[in-house]
S.K.: 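Got a structure for you, questions after.
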Amino acid sequence: MTVRLRFAPSPTGYLHVGGARTALFNWLYVRRHGGAFILRIEDTDVERSSADMVTGILDSLRWLGLDWDEGPGVGGPHAPYFQSERLSKYREAAAHLVADGHAYHCYCTPDELKARREAVESTGGAWRYDRRCRELSADEIARRDAAGEAHVVRFRVPDGETSFDDLVHGRITVAHDVIEDFVLVRSDGHPTYQLSVVIDDVEMEMTHVVRGDDHISNTPKQILIYRALGAPVPAFAHVPLILGPDKKRLSKRHGATSVGEYEGQGYLPEAMVNFLALLGWSPGSGDQEVFTREELVARFTLEGISGGNAVFNPEKLDWFNQQYLARMSPDAIVARLRPTLEAAGLWRSDLDSARQAWMAQVVELVRPRVRKLTDFIPLLRPFLDDEVVRDPAAEAKYLNAAGVHEHLQAWRDRLASVEPFDAATTEAALRALADERGIKAGPLIHATRVAVTGQAVSPGLFDVVALVGRDRVIARLDAALHAAGVSRS
RNA sequence: GUCCCCAUCGUCCAGCGGUCAGGACGCGGCCCUUUCAAGGCCGAGACUCGGGUUCGAUUCCCGAUGGGGACGCCA
């Protein structure tokens, strides 16, 4: 039997890292076993759902490379894949459950329920629906329906207990007396999550349900529905939640939580996938941490998911991103960088054509100093912009240090004739000049760095000088000397 | 409050009765060095507690404690 798993987000917000990891685990399992990955949009809550959020979630999933075999955009044998377009199925199923005695109409209003709940809780008791409408006579039901009284449909929870073998937690048993007669259909006719999720998972022939830990307590309720329907129960795997540094459920106040934000900050999707895969999951033995997508697919097992919640560690994400950047070809990095450079106004049309080789060298040079794509911007600026803006503090400390101007002027003149103008030769020239003048090379190097890059820190100076090129280096030295009030010799 | 889940370095994991308790991120030091990174080497750092079971428990069982989740006409 081929496995069928699904990711079923509710479009009430962007795809957050927790959802992304759940989707990833589903996807990895499907790709590992050659099954089908279904994407279903759970938008039965009309109030909170929006089409924009659907688009955003789909974009994030695509960015991560988690492609689906059935669902929005690709269709499939069980279309539609939006719950809002499947309402009649739920209504029909609910009617059957009522007819079979597995569910019943409840006429209690929200206000009445609230009052009764508060009364019970004020005495310290635990409230569960008091089943007031559970045994209404057929006559009374007919009368109240005829009178047009609003009602919900509640599931008739039987006595006993329900157990299931969770693929990450093992056997979980829940006594039915802690489960209330939950609502299947709201008074406006819309199904609740409990109903729609089961109906769709049955109809879409899901073999496994891999979802967040927060659904563990829903599972017995849903199994009860499967049984009432006479439908086969899928295997369940509940993956632990992702927490913030304070061990609280990851949320906005912990910083970036949506996949889109990470994309915008310059993270690579492959790094995000690798990081998320290893957050709460382990391939078992071995010290390997960096895995290609194919390796993850080949090694993924649900049993490898740990039972406890995991704290999100942004530093490690950074490290993964750096690892991927280090393994990529400079040309590939330039391609990924293009939108970022364009946004910063630093893209030049010849960077991937006439100056491709040069650009590759520049990227190679700054790469070890970068963790995210956006980190490239300040480092690349001295190479891509003709003018540099000097950092005042760096200027004061190195460029205007005592006695530096005179040496810098001589160095500028020496550079004009150095041949070839490469890192090794310019370095030899600077050191020779320093020797001749009886000074240390350091101050001259630092002053040159500030003049050429505007910054106190940069990659190896002579590599920078060689790649910025003779004309621009000399122009920047002149500009720096001029700004310092040194007249041209 | 009730029910459920979880428990190894600060964090993420390995361990599945006998290990010097291993790796990674982060942190500290050294090397390299013109700065900053990167890289190499070294280091600090954990089995929550109490009972059992056993020749022997980090590992199995029970309890406590701690953390998390769920208790909606949200999903």
Side-chain angles (χ1 to χ4, degrees), chain A residues 8-12 42-45 47-49 83 106 108-110 113-114 117 121 124-129 150-154 166 168-170 172-175 177-180 182-194 196-197 211-220 238 240-241 243 245 247-249 275 278-290 304 306-320 322 326 366-371 379 394 398 427 430-431 440-446 448-450 453 455-462:
Chain A
S10 182
T12 55
E42 308 219 322
D43 54 353
T44 53
D45 183 354
E47 304 284 295
R48 301 196 303 149
S49 300
Q83 290 193 325
C106 167
C108 301
T109 67
L113 256 15
K114 185 165 180 255
R117 158 185 288 258
E121 288 179 344
W127 161 264
R128 269 181 292 282
Y129 173 61
H151 69 269
V152 298
V153 175
R154 285 184 185 272
D166 190 277
V168 349
H169 294 292
I172 295 176
T173 301
V174 175
D177 55 16
V178 302
I179 304 175
E180 71 171 5
F182 53 96
V183 174
L184 296 174
V185 181
R186 301 178 243 232
S187 53
D188 66 359
H190 276 76
T192 60
Y193 163 75
Q194 309 290 3
S196 59
V197 76
R211 77 232 293 198
D213 240 356
D214 48 344
H215 285 295
I216 286 183
S217 57
N218 286 325
T219 306
H238 288 94
L241 273 17
L243 274 26
K247 300 288 180 76
K248 300 295 183 193
R249 197 171 173 162
F275 169 72
L278 261 34
L279 187 61
W281 173 77
S282 162
S285 57
D287 292 341
Q288 189 177 346
E289 298 260 342
V290 178
S306 71
N309 295 335
V311 173
F312 190 83
N313 183 349
E315 285 79 26
K316 187 134 190 188
L317 206 210
D318 282 355
W319 178 79
F320 272 112
Q322 191 173 49
V366 304
R367 157 157 63 185
R369 277 151 257 262
V370 151
R371 288 169 95 77
L379 291 169
Y398 295 115
E427 174 164 11
L430 182 138
R431 293 192 188 283
K440 284 186 176 281
L444 202 45
I445 289 173
H446 289 128
T448 306
R449 185 195 319 283
V450 177
T453 70
Q455 301 295 319
V457 300
S458 81
L461 179 70
F462 301 101

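Letters A, B, ... are given to chains in the order of the sequence lines, protein chains preceding strands, and every chain is numbered from 1.
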S.K.: For atom P, what is the distance between B:G63 and B:A70, given to the nearest Å?
M.R.: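 Taking atom P in both B:G63 and B:A70, they lie 24 Å apart.
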S.K.: Assign A:Pro459 to base, sugar-phosphate, or nothing according to its heavy-atom contacts below 4.0 angstrom with the strands shown.
M.R.: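 The answer is base, as A:Pro459 lies within the cut-off (heavy atoms under 4.0 Å) of a base atom.
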S.K.: Check the distance between B:G23's C1' and A:Asp287's CG and give it to me in whole angstrom.
M.R.: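 Distance check: A:Asp287 CG to B:G23 C1' gives 4 Å.
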S.K.: Between B:U34, B:A75, B:A38, which one does the side chain of A:Ser10 approach most closely?
M.R.: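 Of the candidates, B:A75 comes closest.
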S.K.: Any strand is fair game: report the nucleotide pairing with B:U2 by Watson-Crick or G-U wobble, both distances under 3.5 Å, or none.
M.R.: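 Across all strands, the one nucleotide that pairs with B:U2 is B:A70.
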S.K.: Regarding A:Glu180, tell me which of base, sugar-phosphate or nothing describes its non-hydrogen contacts under 4.0 Å with the strands shown.
M.R.: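 Touches sugar-phosphate only.
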S.K.: Indicate whether OP1 or OP2 belonging to B:A37 is found under 4.0 Å from a side-chain N or O atom of A:Arg367.
M.R.: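 So the side-chain polar atoms of A:Arg367 never come under 4.0 Å of the phosphate oxygens OP1 or OP2 of B:A37.
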S.K.: Could you work out which one of B:C73, B:G69, B:U34 sits closest to the side chain of A:Ile445?
M.R.: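 Between B:C73, B:G69, B:U34, the one nearest the side chain of A:Ile445 would be B:U34.
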S.K.: Using whole Å, what does the distance between atom P of nucleotide B:U34 and atom CG of A:Leu430 come to?
M.R.: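 Value for this atom pair: 11 Å.
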S.K.: Are A:Arg371 and B:G26 close enough that a side-chain N or O sits under 4.0 Å from OP1 or OP2?
M.R.: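 Looking at the OP1 and OP2 atoms of B:G26, one of them is under 4.0 Å from a side-chain N or O of A:Arg371.
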S.K.: For RNA chain B, whose closest nucleotide is more 5', that of A:Leu241 or that of A:Tyr193?
M.R.: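 Its nearest nucleotide being more 5', the pick is A:Leu241.
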S.K.: Remember a base hit wins even if backbone is also touched, and classify A:His215 as base, sugar-phosphate or nothing at under 4.0 Å, heavy atoms.
M.R.: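 The residue A:His215 makes base contact.
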S.K.: How would you label the contact of A:Phe462 with the nucleic acid (heavy atoms, under 4.0 Å): base, sugar-phosphate, or nothing?
M.R.: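 If one applies the 4.0 Å heavy-atom cut-off, A:Phe462 turns out to touch a base.
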S.K.: Figure out the CH2/C1' separation between A:Trp127 and B:C3, and round it to whole Å.
M.R.: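 Taking atom C1' of B:C3 as the reference, CH2 of A:Trp127 is at 18 Å.
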S.K.: Counting Watson-Crick and G-U wobble pairs only, both distances under 3.5 Å, name the nucleotide matched with B:C27, or none.
M.R.: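 Pair assignment: B:C27 / B:G43.
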S.K.: Looking at the side chain of A:Val152, which of B:C73, B:G68, B:G1 is the nearest nucleotide?
M.R.: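 Per side-chain heavy atoms of A:Val152, the pick is B:C73.
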S.K.: Could you run through nucleotides 4-14 of chain B and give me one letter per nucleotide, 5' to 3': B if any protein heavy atom sits under 4.0 Å from the base, S if only the sugar-phosphate is that close, - if neither?
M.R.: SSS----BSSS
S.K.: Would you classify A:Gln322 as touching base, sugar-phosphate or nothing, given that sugar-phosphate means primed atoms plus P, OP1 and OP2, and contacts are heavy atoms under 4.0 Å?
M.R.: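 Sugar-phosphate contact only.
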S.K.: So what does A:Thr12 hit on the nucleic acid, given a heavy-atom distance under 4.0 Å: a base, only sugar-phosphate, or nothing?
M.R.: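 Nothing: the residue A:Thr12, judged by heavy atoms under 4.0 Å, touches no strand.
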S.K.: Using the C1' atom in both, what is the distance from B:A7 to B:C62, to the nearest Å?
M.R.: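 Looking at atom C1' only, B:A7 and B:C62 are 16 Å apart.
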S.K.: Using the C1' atom in both, what is the distance from B:U59 to B:A14, to the nearest Å?
M.R.: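 Per the computed distance, 13 Å lies between those C1' atoms.
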S.K.: On the six-membered ring of A:Tyr398, is A:Arg449 placed so that its NZ or CZ lies under 6.0 angstrom from the centre and within 45° of the ring axis?
M.R.: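 Here A:Arg449 fails the 6.0 Å and 45° test against A:Tyr398.
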S.K.: Taking only side-chain nitrogens and oxygens of A:Arg249, does any of them come within less than 4.0 Å of OP1 or OP2 of B:A70?
M.R.: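 Yes, within the criterion.
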S.K.: Tell me which nucleotide, if any, is Watson-Crick or G-U wobble paired with B:A57 when both distances must be under 3.5 Å.
M.R.: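 Result: none.
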S.K.: Can you tell me how far C1' of B:G72 sits from NE2 of A:His190, to the nearest Å?
M.R.: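 Atom-to-atom, A:His190 to B:G72, this comes out as 17 Å.
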S.K.: Could you please name the option among B:A75, B:C36, B:C71 that lies closest to any side-chain atom of A:Asn218?
M.R.: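 Of all the options, the side chain of A:Asn218 is nearest to B:A75.
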S.K.: Mind checking if A:Lys248 touches a base, just sugar-phosphate, or nothing, with heavy atoms under 4.0 Å?
M.R.: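 Contact class for A:Lys248: sugar-phosphate only.
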S.K.: Any strand counts, and the cut-off is 3.5 Å on both contacts for Watson-Crick or G-U wobble. Which nucleotide pairs with B:C20?
M.R.: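 Its partner: none found.
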S.K.: Which nucleotide in the list B:A37, B:A75, B:C73 gets nearest to the side chain of A:Arg154?
M.R.: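 Minimum distance to the A:Arg154 side chain belongs to B:C73.
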S.K.: Closest nucleotide of RNA chain B for A:Gly460 versus for A:Leu113: which of these residues is on the 5' side?
M.R.: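 Here A:Gly460 is the residue nearer the 5' end.
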S.K.: Can you tell me the Watson-Crick or wobble partner of B:A7, both distances under 3.5 angstrom?
M.R.: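 Answer to the pairing question: B:U65, which forms a Watson-Crick or G-U pair with B:A7.
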S.K.: I'd like the C1' distance from B:A57 over to B:C36, given in whole Å.
M.R.: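 Nearest-Å result for B:C36 against B:A57 at atom C1': 50 Å.
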S.K.: What is the separation between atom CD on A:Gln83 and atom P on B:A75, rounded to the nearest whole Å?
M.R.: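 In whole Å, B:A75 P lies 9 Å from A:Gln83 CD.
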S.K.: Take atom CD of A:Gln194 and atom C1' of B:C71, then tell me their distance rounded to the nearest Å.
M.R.: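 Between C1' of B:C71 and CD of A:Gln194: 11 Å.
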S.K.: Find the distance A:Leu444:CG to B:U35:P and express it as a whole number of Å.
M.R.: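 Distance, rounded to whole Å: 15 Å.
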S.K.: For B:C30 versus B:G68, give the span between their C1' atoms, rounded off to a whole number of Å.
M.R.: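 Going atom to atom, C1' in each nucleotide, I get 42 Å.
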S.K.: Which part of the nucleic acid, if any, lies within reach of A:Thr192 when heavy atoms closer than 4.0 Å are counted: base, sugar-phosphate only, or nothing?
M.R.: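 Sugar-phosphate only.
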S.K.: Rounded to the Å, how far apart are A:Trp319 CH2 and B:A38 C1'?
M.R.: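 Roughly 14 Å, once rounded to whole Å.
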S.K.: Check this for me: does the side-chain of A:Arg128 come within 3.5 Å of the base of B:U2 through a donor and an acceptor?
M.R.: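 In this structure, the two groups form no donor-acceptor pair.
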S.K.: Would one find a side-chain N or O of A:Thr44 under 4.0 angstrom from OP1 or OP2 of B:A75?
M.R.: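 True: A:Thr44 side-chain N/O within range (under 4.0 Å) of B:A75 OP1/OP2.
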